[in-house]
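Working notes, structure below.
The structure presented is a predicted model; accordingly, all values stated were derived computationally and were not measured. Note: hydrogens, waters and symmetry copies are ignored here, and every other heavy atom, side chains too, is used.
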Amino acid sequence: TRWVVTALEHRPVNQTSRLPSVTPVLLRAGARRALRCRLPGPPSAFMAQRVSEESEDPKQDAQMLEIYHQSIQKAADAAQRIYLRPGDALVVDNYRSFPGKGCC
């Protein structure tokens, strides 16, 4: 499955939801990379990412997306849940938490 990481960066994926978008799942901007992640939920949650109509190898692209979606679902299932009660507050350092800057 190591090939999936490279494939996610180079193979166009149809990610159209409201606006047309056919791009790789993993995007680079200089030394930084951004991963387009679809959150878990009903089976339709992953339908926004599908094999591009222009795919040179639709079968392999479908396998790539299946492995990617399974990995995202596995991580979501294992993630710690934080439950807030009325009056609680949650402060998140967006600089470190979401883009992963300055981490480790």
Can I get a per-line list of side-chain donor-acceptor pairs under 3.5 Å for residues 80-92, giving both atom names and the distance, sequence neighbours left out?
{"unit_1": "Arg81", "atom_1": "NH1", "unit_2": "Ala76", "atom_2": "O", "d": "2.8"}
{"unit_1": "Arg81", "atom_1": "NH1", "unit_2": "Ala79", "atom_2": "O", "d": "2.7"}
{"unit_1": "Arg81", "atom_1": "NH2", "unit_2": "Ala76", "atom_2": "O", "d": "2.9"}
{"unit_1": "Asp88", "atom_1": "OD2", "unit_2": "Arg85", "atom_2": "N", "d": "2.8"}

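- Closest of all the heavy-atom pairs between Ser52 and Pro12 is CB-O, 3.6 Å.
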Which atom pairs, donor and acceptor, lie under 3.5 Å between side-chain atoms of residues 58-67 and protein residues at least two apart or in another chain?
{"unit_1": "Gln60", "atom_1": "OE1", "unit_2": "Arg11", "atom_2": "NH2", "d": "2.9"}
{"unit_1": "Asp61", "atom_1": "OD1", "unit_2": "Arg11", "atom_2": "NE", "d": "3.4"}
{"unit_1": "Asp61", "atom_1": "OD1", "unit_2": "Arg11", "atom_2": "NH1", "d": "2.6"}
{"unit_1": "Asp61", "atom_1": "OD2", "unit_2": "Ser55", "atom_2": "OG", "d": "2.6"}
{"unit_1": "Glu66", "atom_1": "OE2", "unit_2": "Gln70", "atom_2": "NE2", "d": "2.8"}

